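On a predicted model such as this, the values are computed, not experimentally measured, just so you know.
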Amino acid sequence: MALKFSDSAAIAACNAIVDALDTGTGSGSIEIYNGSRPANPSVAISSQTKLVDFVLPEPAFGNAAAVSGGATATANAVTPVNAVAAGTASWFRAFDGDNNALFDGDVTDTTGSGDMKVSSTTIVNGIEVSIVSFTFTQPKGW
């Protein structure tokens, strides 16, 4: 049988995960890639190309709140950066301040339903990329 969490437990879990981005010797970061997303953050990045590298503010996220089916936290504003390569953004990896991979998510443009929405998924080397919205959701059950 699958685990089921209370609202308060889902909120606590969500906050613990996003707060981990603020740990370490530096700031957390987000790297956006093209290609297929690995099975989980422990799987090394192989043929995918890093398109964008964002430094996260501290704190990276606001406090989580209960939503239907779990809890969600919204990222604080992230400073836009210039792309480091060209390609179609499809997924991201989040790292703490010691460059430990914490979680992966989907990237879409503003019309999509990705965990992270960017101004455009068509990334051009040297052109500024903005995160329009970035949320982390902890479900109440699996």
Side-chain angles (χ1 to χ4, degrees), residues 2-5 7-142:
L3 293 174
K4 301 291 183 190
F5 300 105
D7 285 347
S8 61
I11 290 170
C14 188
N15 280 328
I17 293 168
V18 297
D19 289 350
L21 291 165
D22 299 326
T23 64
T25 58
S27 295
S29 63
I30 297 290
E31 296 177 353
I32 295 178
Y33 291 87
N34 69 353
S36 298
R37 180 172 148 185
N40 62 63
S42 298
V43 176
I45 296 162
S46 57
S47 62
Q48 303 89 339
T49 300
K50 179 169 51 172
L51 306 174
V52 186
D53 192 357
F54 291 99
V55 174
L56 295 174
E58 290 189 35
F61 278 76
N63 289 327
V67 295
S68 176
T72 191
T74 300
N76 291 318
V78 178
T79 302
V81 297
N82 290 340
V84 296
T88 301
S90 57
W91 67 280
F92 71 86
R93 180 161 284 175
F95 298 89
D96 70 10
D98 289 331
N99 208 37
N100 296 305
L102 299 177
F103 57 90
D104 296 342
D106 294 326
V107 174
T108 61
D109 65 14
T110 57
T111 64
S113 60
D115 305 298
M116 177 184 293
K117 295 180 183 183
V118 294
S119 47
S120 174
T121 56
T122 302
I123 307 298
V124 179
N125 190 12
I127 301 298
E128 188 174 88
V129 179
S130 298
I131 295 175
V132 176
S133 70
F134 179 23
T135 58
F136 181 90
T137 301
Q138 170 64 50
K140 284 173 52 172
W142 287 280

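Of all the heavy atoms in Asp98 and Gly24, the pair that sits closest is OD2-CA, 3.3 Å. Between Ala94 and Ile30, the shortest heavy-atom distance links the atoms CB-CD1, 3.4 Å. Residue Val129 comes nearest to Ala83 through the heavy atom pair CG2-CB, 4.1 Å, listed as atom of the first residue, atom of the second, then distance. The two residues Pro38 and Ala44 have their closest heavy-atom pair at CG-O, 4.4 Å. Nearest heavy atoms, Asp106 versus Arg37: OD1-NH1, 2.8 Å. Annotation for Leu21 and Phe95: closest pair CD2-O, 3.5 Å, computed over non-hydrogen atoms.
Partners of Ser130 according to the side-chain contact (heavy atoms from CB on, under 4.5 Å) rule, which considers only residues two or more places apart in sequence or in another chain, are Pro80, Ser119, Glu128. Taking the side chain to side chain donor-acceptor pair (under 3.5 Å) definition, one finds that Asn100 meets it with Asp96, sequence neighbours left out. With sequence neighbours excluded, the residues that form a ring pair (Phe, Tyr, Trp, His ring centres under 6.0 Å) with Phe136 are Phe103. For Val124, the side-chain contact (heavy atoms from CB on, under 4.5 Å) test picks out Ile127, with sequence neighbours left out. Judged as a side-chain contact (heavy atoms from CB on, under 4.5 Å), and not counting sequence neighbours, the contacts of Val67 are Thr72.
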Donor-acceptor contacts under 3.5 Å from residues 86-93 side chains, at least two apart:
{"from": "Ser90", "atom 1": "OG", "to": "Gly35", "atom 2": "N", "distance (Å)": "3.4"}
{"from": "Ser90", "atom 1": "OG", "to": "Gly35", "atom 2": "O", "distance (Å)": "2.7"}
{"from": "Trp91", "atom 1": "NE1", "to": "Asn34", "atom 2": "O", "distance (Å)": "3.2"}
{"from": "Arg93", "atom 1": "NE", "to": "Asp104", "atom 2": "OD1", "distance (Å)": "2.7"}
{"from": "Arg93", "atom 1": "NH1", "to": "Val43", "atom 2": "O", "distance (Å)": "3.0"}
{"from": "Arg93", "atom 1": "NH2", "to": "Asn40", "atom 2": "O", "distance (Å)": "3.2"}
{"from": "Arg93", "atom 1": "NH2", "to": "Val43", "atom 2": "O", "distance (Å)": "3.2"}
{"from": "Arg93", "atom 1": "NH2", "to": "Asp104", "atom 2": "OD2", "distance (Å)": "3.0"}

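The CD1 atom of Ile17 sits 10.5 Å away from atom OG1 of Thr137, with the distance rounded to the nearest 0.5 Å. For the atom pair Asn99 CG and Thr25 OG1, the distance stands at 9.5 Å (nearest 0.5 Å). Expressed to the nearest 0.5 Å, how far OG1 of Thr23 lies from CG of Leu102 amounts to 6.5 Å. Taking CG of Asp115 as the start and CZ of Phe134 as the end, the distance is 8.0 Å to the nearest 0.5 Å. Between atom CD of residue Gln138 and atom CD1 of residue Ile11 there is a gap of 11.0 Å, rounded to the nearest 0.5 Å.
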**Asked** Stepwise, does the side-chain contact (heavy atoms from CB on, under 4.5 Å) test hold for Val118 with Thr121?
**Response** CA-CA 7 Å; Val118 294; Thr121 56; 4.2 Å; yes

**Message:** I'd like to know whether Leu56 forms a side-chain contact (heavy atoms from CB on, under 4.5 Å) with Phe61, so could you lay out the CA-CA distance, the side-chain angles of the two residues, the decisive distance to 0.1 Å, and finally the verdict.
**Reply:** CA-CA 9 Å; Leu56 295 174; Phe61 278 76; 5.5 Å; no

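Remark: side-chain polar atoms of Lys50 are not paired, donor with acceptor, to backbone N or O of Ala85 under 3.5 angstrom. No side-chain donor-acceptor contact under 3.5 Å links Asp53 to the backbone of Glu31. Using modelled atom types, one side-chain atom of Gln48 and one backbone atom of Ser36 make a donor-acceptor pair closer than 3.5 Å. One N or O on the side chain of Asn15 and one on the backbone of Ala64 form a donor-acceptor pair closer than 3.5 Å.
Between the side chains of Asp109 and Ser120, not a single donor N or O lies within less than 3.5 Å of an accepting N or O.
Side-chain atoms of Val107 and Tyr33, non-hydrogen and from C-beta on, never get closer than 4.5 Å to each other.
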